[in-house]
Chemist: 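Here it is, the structure in full.
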There are 2 protein chains.
Amino acid sequence: MPDRPLNIDLLRRSPFFAAAGEAAMTRLLRPSFTQQLPRGAILFDQNEVPNFLHLLLAGSVGLQARDETGTETVVEIFGAGELFLAPAAILGLPYLASGAALTDVRVLMIPADVFREGIAADPALGQAAIELLARHWRLMVDQVVDLKLRPAERRVARFLARRVPEEAGAGTADLPEPRGAIAARLGMTPETLSRTLNALEAQGVIRLSPRQAHVVDRARLLQVGAR
Amino acid sequence: MPDRPLNIDLLRRSPFFAAAGEAAMTRLLRPSFTQQLPRGAILFDQNEVPNFLHLLLAGSVGLQARDETGTETVVEIFGAGELFLAPAAILGLPYLASGAALTDVRVLMIPADVFREGIAADPALGQAAIELLARHWRLMVDQVVDLKLRPAERRVARFLARRVPEEAGAGTADLPEPRGAIAARLGMTPETLSRTLNALEAQGVIRLSPRQAHVVDRARLLQVGAR
DNA sequence: CGATCATATTGATATACATCAAGATACAAT
DNA sequence: ATTGTATCTTGATGTATATCAATATGATCG
């Protein structure tokens with residue numbers, strides 16, 4: 001099926017549209033369209049002025065930033081159901097990071113001006129935007145704490161734990177994106193990530209296979225390196 | 001009011017109230033009150049449910065977070081004119097960090113419920129909240145990039161540069177808060193901060209004195225360690 | 001003022017993680 | 001399948017920054 005009629009249900013369940021309500025959702029959806037992009041595609045580039053908000057329907061996208069010397073890192077990885085880049089689009093300022101498809105992706109493009117008018121006109125949509133931003137702020141705060149306080153092994157453990165679908169004790173974390181991107185997201189080199197993953201497997205808390213990690217015991221995973 | 005001299009002008013010029021408008025400002029101000037607290041005071045504690053937003057009138061406040069092992073770090077340092085902790089107050093979720101006075105402070109306490117009602121009722125206020133959150137998100141993204149990509153010396157240099165009042169080539173950066181707090185904000189130990197500051201002075205880009213650093217040449221400061 | 005106490009600096013050493021350099025795997029195309 | 005190419009892993013070595021320990025500085029208060 002070429003362009004699978006977009007999964008309305010996924011949208012409805014996304015935290016953003018759940019808060020915004022049905023009315024706002026249809027309002028935003030009408031002028032929007034979907035796009036399929038291969039892994040490696042750039043959705044938008046650092047310093048560009050945003051014309052669209054992006055709602056990921058499938059795949060994952062890395063928010064990557066370049067510093068003055070040209071080295072890049074991944075600030076955050078977004079998955080299906082997430083709406084991102086609101087901040088730049090809302091402020092009308094240039095993106096401070098680029099968006100790169102880390103896997104093949106399917107993305108809903110929402111015109112930025114429609115969005116901006118929407119939040120001014122519809123209080124429920126405004127509220128949803130506020131909550132989205134607040135949640136994203138917390139995500140970043142959490143990452144700052146992670147980087148400052150926790151050693152590599154703990155960061156990897158937490159990352160994997162968050163990817164296990166259920167709260168349950170065991171489960172499988174899919175890792176479809178390139179190791180380099182995951183490593184950058186975690187603030188380490190691919191080499192260190194690889195070694196850390198091996199160390200976790202050696203401790204028996206995970207079991208590695210090509211593009212996934214089976215978490216044997218979530219609670220114990222989060223305990224590794226505990227003082 | 002014993003505490004008369006509320007500097008209305010500072011408020012009016014703060015990015016937040018500038019966007020919110022006069023009406024929203026008076027609306028929020030009426031039920032609010034100011035408080036003076038000595039250095040070391042805790043404005044609010046991690047995991048508490050927020051009852052107030054805080055607008056700093058004077059001094060600086062550190063947002064500090066504890067991890068599971070009990071070690072603390074400073075996520076961000078806020079200065080006069082800044083409104084913070086909106087995210088927790090807006091979501092009605094527990095703070096994910098504590099607020100500690102890093103100097104003696106004077107702070108305006110805005111009841112959280114008044115704020116929440118306000119953003120629902122007044123679109124201009126809602127818009128201001130959105131912009132505030134977006135700006136704060138960007139601050140955190142910038143810090144994540146800083147921590148991942150830049151070595152200690154460069155982080156210190158950028159921190160000092162941002163504290164120089166004017167865009168001008170030279171100026172003095174005040175550093176009233178304890179070294180430990182600044183070091184934590186920058187993701188390093190006090191020892192490393194001390195050594196780095198000395199190194200910058202040795203290179204002649206700054207001149208140190210007890211609680212401030214005179215920046216001799218802003219542009220050159222930002223160049224240190226350039227590849 | 002001088003004594004006390006917290007905070008900051010300086011010095012010596014340790015270590016987590018990066019870097020550099022081969023290999024090994026996996027994936028895509030023919 | 002077979003080859004080619006990118007990605008990932010493994011190993012050896014280096015280094016920025018942490019840690020530990022001692023000293024110095026500067027604030028606070030009798």
Side-chain angles (χ1 to χ4, degrees), chain A residues 38-41 60 62 67 69 71-74 100-104 146-157 159 174-202 206-213 224-225 227, chain B residues 38-41 60 62 67 69 71-74 100-104 146-157 159 174-202 206-213 224-225 227:
Chain A
R39 178 189 207 232
S60 39
D67 75 352
T69 81
T71 29
E72 288 209 328
T73 192
V74 173
L102 302 178
T103 65
D104 292 351
D146 217 39
L147 291 167
K148 285 180 177 170
L149 257 29
R150 294 189 259 263
E153 189 175 52
R154 239 172 198 305
R155 297 206 296 277
V156 172
F159 182 81
D174 286 318
L175 307 170
E177 43 283 290
R179 284 286 201 272
I182 297 176
R185 156 68 243 276
L186 292 172
M188 65 190 72
T189 59
E191 292 94 323
T192 298
L193 174 58
S194 182
R195 288 186 243 265
T196 305
L197 250 10
N198 282 343
L200 290 174
E201 186 169 42
I206 65 171
R207 185 167 273 279
L208 258 12
S209 54
R211 274 186 147 76
Q212 49 188 32
V224 292
R227 184 138 15 145
Chain B
R39 178 183 205 240
S60 41
D67 76 352
T69 82
T71 28
E72 288 209 329
T73 192
V74 174
L102 302 179
T103 65
D104 292 351
D146 217 38
L147 291 167
K148 286 181 177 171
L149 256 29
R150 293 189 260 261
E153 189 176 52
R154 232 168 206 305
R155 296 205 297 275
V156 173
F159 182 81
D174 287 317
L175 307 170
E177 42 284 290
R179 283 286 199 271
I182 298 177
R185 155 70 242 277
L186 292 171
M188 63 189 73
T189 59
E191 292 94 324
T192 297
L193 174 58
S194 182
R195 288 186 243 266
T196 305
L197 250 12
N198 283 344
L200 290 174
E201 186 170 43
I206 65 170
R207 186 166 271 281
L208 259 12
S209 55
R211 274 188 149 73
Q212 49 189 33
V224 293
R227 203 192 16 115

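Every chain is numbered from 1, with letters handed out A, B, ... down the list of sequences.
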Chemist: Could you state the atom-to-atom distance from CZ of B:Arg39 to P of C:dC5 in whole Å?
Modeler: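 To the nearest whole Å, that distance equals 18 Å.
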Chemist: State the dot-bracket string of DNA chain C. Criteria: Watson-Crick or G-U wobble, both atom distances under 3.5 angstrom; notation: ( ) intrastrand, [ ] crossing earlier pairs, | interstrand, . unpaired.
Modeler: ||||||||||||||||||||||.|||||||
Chemist: Could you give the NZ-to-P distance, from B:Lys148 to C:dA18, as a whole number of Å?
Modeler: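 Distance, rounded to whole Å: 12 Å.
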Chemist: Does a side-chain heavy-atom distance below 4.5 Å link B:Leu208 with B:Leu200?
Modeler: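 Of all side-chain heavy-atom pairs linking B:Leu200 with B:Leu208, none is under 4.5 Å.
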Chemist: Just by distance, do the side chain of B:Asp174 and the backbone of B:Pro176 share a donor-acceptor pair under 3.5 Å?
Modeler: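 Pair absent, no side-chain N/O of B:Asp174 close to backbone of B:Pro176.
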Chemist: From CZ of B:Arg179 over to P of D:dA27, roughly how many Å is that when rounded to an integer?
Modeler: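 My rounded result for the distance is 12 Å.
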Chemist: Whole Å only: how far is the CG atom of B:Leu175 from the P atom of C:dA8?
Modeler: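 Rounding to the nearest Å, CG of B:Leu175 and P of C:dA8 are 11 Å apart.
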Chemist: Within the structure shown, what part of the strands sits under 4.0 Å from A:Pro178 by heavy-atom distance: base, sugar-phosphate, or nothing?
Modeler: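 A:Pro178: backbone/sugar contact only, no base atoms under 4.0 Å.
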Chemist: In whole Å, I'd like the distance from the CD1 atom of B:Ile182 to the C1' atom of C:dT9.
Modeler: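 Taking atom C1' of C:dT9 as the reference, CD1 of B:Ile182 is at 15 Å.
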Chemist: Reading nucleotides 23-29 of chain C from the 5' end, what letters show protein touch, with B for base, S for backbone sugar-phosphate only, - for no heavy atom under 4.0 Å?
Modeler: ----S--
Chemist: In whole angstrom, give the distance that lies between atom CG of A:Leu197 and atom P of D:dT7.
Modeler: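 To the nearest whole Å, that distance equals 18 Å.
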Chemist: Classify every nucleotide of nucleotides 13-20 of chain D by which part a protein heavy atom approaches to under 4.0 Å, writing B for the base, S for the sugar-phosphate alone and - for neither, in 5'-to-3' order.
Modeler: ----SSBB
Chemist: Do B:Arg155 side-chain atoms and B:Leu186 backbone N/O form a donor-acceptor pair below 3.5 Å?
Modeler: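 Yes, because the side chain of B:Arg155 sits within donor-acceptor range (under 3.5 Å) of the backbone of B:Leu186.
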Chemist: Look only at the side chain of A:Lys148 and the backbone of B:Glu72, and say whether a donor-acceptor pair between them is shorter than 3.5 Å.
Modeler: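 Checked: no pair found.
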Chemist: Sub-3.5 Å donor-acceptor pair from the side chain of B:Asp104 to the main-chain atoms of B:Pro38, do we have one?
Modeler: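 It does not hold such a pair.
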Chemist: Please state how far atom CG in A:Leu102 lies from atom P in D:dC8, giving the value in whole angstrom units.
Modeler: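 Checked: the CG to P distance equals 11 Å.
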Chemist: Can any side-chain N or O of B:Thr103 pair as donor or acceptor with the backbone N or O of B:Ser60 at less than 3.5 Å?
Modeler: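 Present.
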Chemist: To the nearest Å, give me how far apart CG (A:Asn198) and P (D:dT9) are.
Modeler: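 So the two atoms are 7 Å apart, to the nearest Å.
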